Amino acid sequence: MATIGKFNRSEVKKENQLFSRFKTLVETAFYGNNVTKVTNLQKAYHLATQALGTVVTDLPVKHTSDLGLPEEAKMLIFNDGKIVGRTAAARVVIGHPGVDSDYYQGILREALYQSKEQNFYTADVVVGLDEKFMVKSHLMLPEGFENNLYSYLLNFQIANEQWQERYEDSVSYEENDIYLFADPNWQHPDFPFGLALFDPEHNVAAILGLRYFGELKKGTLTLAWATAHRNNYVACHGGIKQYQLPGGNKYTMAAFGLSGSGKSTITLTQHGGKYKVDVLHDDAFVIDRDTGSTIALEPAYFDKVQDYPLTHNTVDYYLTMQNVGATKDKEGKTVPVLQDIRNGNGRTVKSRYVTKNRVDALDEKLDAIFWIMKDDSLPPVVKVEDPILAAVFGLTLATKRSTAENVVGDVDLSQLVIEPYADPFRAYPLAEDYRNFRDLFNKNKTSCYILNTDAFHGEDITPQVTLSSIEEIITGEAIFEQFGPIKEMSYLPIEGYELDFNDEKYIKDIHVRLQSRLDFILKENNTNEGYDALPEETAEMMRHVISEL
């Protein structure tokens with residue numbers, strides 16, 4: 001069995017490193033007499049339809065039998081309040097510098113004590129869709145949030161009889177099961193934005209005062225990714241797909257970017273049927289560091305609805321929706337109002353069947369990694385030749401925040417930020433991710449590209465430009481030219497996005513952006529007591545590239 005949820009009595013002792021105060025606090029709550037277990041999706045669906053505030057639309061769910069849902073199941077809508085995105089400011093990780101473990105133990109004990117005034121549900125899922133990597137996760141959530149429970153069981157793989165058998169045959173890891181306690185009703189004057197408290201080494205978390213479903217999804221992935229990282233995998237917040245090309249050739253690519261960057265569009269597009277495309281996932285997977293093979297962590301997709309009108313065929317595969325509107329059509333049927341008309345970051349959990357060719361694991365190693373950025377000093381497509389520089393550009397991935405995040409404070413969402421490897425959910429030192437990606441580029445000979453999906457010289461870079469460029473790359477038709485004086489980089493010439501390396505202003509713009517990356521690297525050496533300090537080679541490489549300008 002993959003992870004550990006039950007112990008011999010002789011193992012239940014202080015010396016067992018799988019136990020900690022936080023694990024014991026959180027897990028104990030699951031066994032209270034105010035907790036009811038939900039074991040199947042039919043029950044979860046029924047509970048969600050009866051929850052106060054649920055909108056049961058008149059749109060039928062497809063593939064109900066395959067999904068384990070009632071034949072008559074309809075798409076459901078459930079909306080939050082003011083906050084409609086993830087709140088990074090609420091995140092606290094035990095073991096990080098400056099985090100007072102004793103203080104947060106007290107906060108958690110009181111939160112758990114107060115929770116006894118409510119009735120809760122609990123349910124189990126499997127995270128990781130191949131026997132080589134599976135983790136059992138247990139969620140506990142109070143009455144009133146049945147829609148989040150239902151979405152959780154749809155987003156991950158519910159531990160039904162079939163998957164329980166597969167889980168029992170999977171590779172064993174000396175790791176705890178995941179325990180995720182959530183109480184959206186919790187309030188505390190010292191935590192006006194809520195509290196997402198993690199003990200990643202022991203696979204437990206408490207999500208307090210936060211209603212948004214994405215907190216449960218990404219909270220679970222935070223712990224699953226950390227588990228994978230400890231067991232010889234590269235944790236990836238990105239999308240991955242494989243093209244079946246003429247002559248029996250295959251091309252496997254991964255795209256890394258924050259929500260709203262184009263990651264899902266790039267991953268899920270079928271290119272008009274030009275190629276057979278197998279999709280692994282658009283958000284969460286892991287890479288075996290030895291073989292380069294990949295495994296998806298989730299069967300479903302939790303995606304934004306801003307780009308999809310009601311008549312789009314993608315809508316046929318929606319299961320639940322969050323923070324969207326509803327109206328009546330001409331037939332008097334209740335239907336959703338999408339495209340973020342109600343508010344930003346409207347979301348849906350859509351089924352695996354939205355992709356024609358869905359796979360859960362790929363044995364072939366990655367041919368290429370694409371860093372998705374919103375850096376207007378870069379043309380639409382750049383190729384990075386040096387493995388260290390390729391990993392450094394992922395390390396300094398420059399992008400913009402989106403409505404997927406509840407940004408606390410006075411923050412200009414139009415300004416570039418650096419989010420290493422597009423992964424704000426990392427629970428271990430950044431240098432470890434850097435070394436893993438550097439080794440992928442070096443040992444596995446994985447190619448590296450940068451996709452700018454924002455604008456260049458004031459000209460918007462459309463999805464069609466990005467997708468057609470990817471087609472040229474995977475078919476070997478792309479012809480790159482050296483990126484000015486920088487020998488380790490080249491770019492794909494595209495009409496309307498011409499480069500002029502004799503333009504002093506443009507050279508200055510590139511210099512500014514490269515310098516900001518170097519500044520970020522140097523800052524990490526001192527921030528949080530150097531927790532995320534990076535190898536000297538990262539700064540040396542960026543200095544070298546700047547000197548070439």
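For reference, positions follow the sequence shown, starting with 1. Please read these numbers as outputs of a predicted model, since none were measured by experiment.
Proximity of a side-chain donor or acceptor of Thr453 to a complementary backbone N or O of Ser261 within less than 3.5 Å is detected. The backbone N or O of His138 sits nowhere less than 3.5 Å from a side-chain atom of Asp124 that would complete a donor-acceptor pair. A donor-acceptor pair under 3.5 Å is formed between the side chain of Glu498 and the backbone N or O of Gly496. Under a 3.5 Å cut-off, the side chain of Arg426 and the backbone N or O of Pro420 do form a donor-acceptor pair. For His457 (side chain) and Glu459 (main-chain N/O), no donor-acceptor pair under 3.5 Å exists by modelled atom type. A donor-acceptor pair under 3.5 Å is formed between the side chain of Asn79 and the backbone N or O of Asn323. Side-chain atoms of Tyr497 come within 3.5 Å of backbone atoms of Asp460 as a donor-acceptor pair (strictly under, hydrogens ignored). Side-chain N or O atoms of Thr64 include none that pairs as donor or acceptor with a backbone N or O of Val61 at under 3.5 Å. Asn452 places a side-chain N or O within 3.5 Å of a backbone atom of Leu378 that can act as its donor or acceptor partner. A side-chain donor-acceptor contact under 3.5 Å links Asp340 to the backbone of Gly346.
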Does Leu319 form a side chain to side chain contact (heavy atoms under 4.5 Å, CB included) with Leu67? I'd like the steps, not just the answer.
CA-CA 10 Å; Leu319 302 172; Leu67 292 168; 3.8 Å; yes
Assess the residue pair Glu146 and Gln50 against the criterion (side chain to side chain contact (heavy atoms under 4.5 Å, CB included)); give the C-alpha distance rounded to whole Å, side-chain angles, the decisive distance to 0.1 Å, and a yes or no.
CA-CA 9 Å; Glu146 290 85 353; Gln50 299 302 306; over 6 Å; no
Check against side chain to side chain contact (heavy atoms under 4.5 Å, CB included), Asn203 and Asp177
CA-CA 7 Å; Asn203 269 350; Asp177 286 1; over 6 Å; no
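Checked for salt-bridge contact, Asp66 and Arg352 miss the test: no charged N lies under 4.0 Å from a carboxylate O. Ion pairing between Lys263 and Asp283 holds under the 4.0 Å rule for side-chain N and carboxylate O.
The shortest side-chain heavy-atom distance between Val56 and Leu76 falls under the 4.5 Å cut-off. Put simply, the side chain of Gln114 does not reach to within 4.5 Å of the side chain of Asn185, judged on heavy atoms. Using a 4.5 Å heavy-atom cutoff, the side chains of His46 and Tyr150 are not in contact. Under the 4.5 Å side-chain criterion, counting only non-hydrogen atoms from C-beta, Asp367 is not in contact with Gln242. Counting only heavy atoms from C-beta outward, the side chains of Val125 and Leu139 never approach each other to under 4.5 Å. Under the 4.5 Å side-chain criterion, counting only non-hydrogen atoms from C-beta, Trp163 is in contact with Leu129. No side-chain heavy atom of Thr267 sits less than 4.5 Å from a side-chain heavy atom of Ile240.
A donor-acceptor contact closer than 3.5 angstrom links the side chains of Asp278 and Gln244. There is no side-chain donor-acceptor pair under 3.5 Å between Ser469 and Tyr449. Remark: the Ser115 side chain and the Asp183 side chain contain no N/O donor-acceptor pair separated by less than 3.5 Å.
Under the 6.0 Å cut-off for aromatic ring centres, Phe78 and Phe213 do not qualify, their centroids lying 6.0 Å or more apart. Not less than 6.0 angstrom separates the ring centroid of Tyr233 from the ring centroid of Trp225.
For Arg86 and Tyr212, the positive end is not near the middle of the six-membered ring at less than 6.0 Å and at most 45° from its axis. Relative to the ring axis of Tyr353, Arg358 does not place its NZ or CZ within 45° and under 6.0 Å from the centre. By the 6.0 Å and 45° rule, Lys241 does not stack over the aromatic ring of Tyr275. A cation-pi arrangement is found for Lys136 relative to Tyr167, the charged atom lying closer than 6.0 Å to the ring centre and inside a 45° cone about the ring normal.
No option in Phe393, Phe370, Trp371 other than Trp371 meets the side chain to side chain contact (heavy atoms under 4.5 Å, CB included) test with Cys448.
Ring pair Phe30/Tyr179 is perpendicular by interplanar angle, where above 60° counts as perpendicular and below 30° as parallel.
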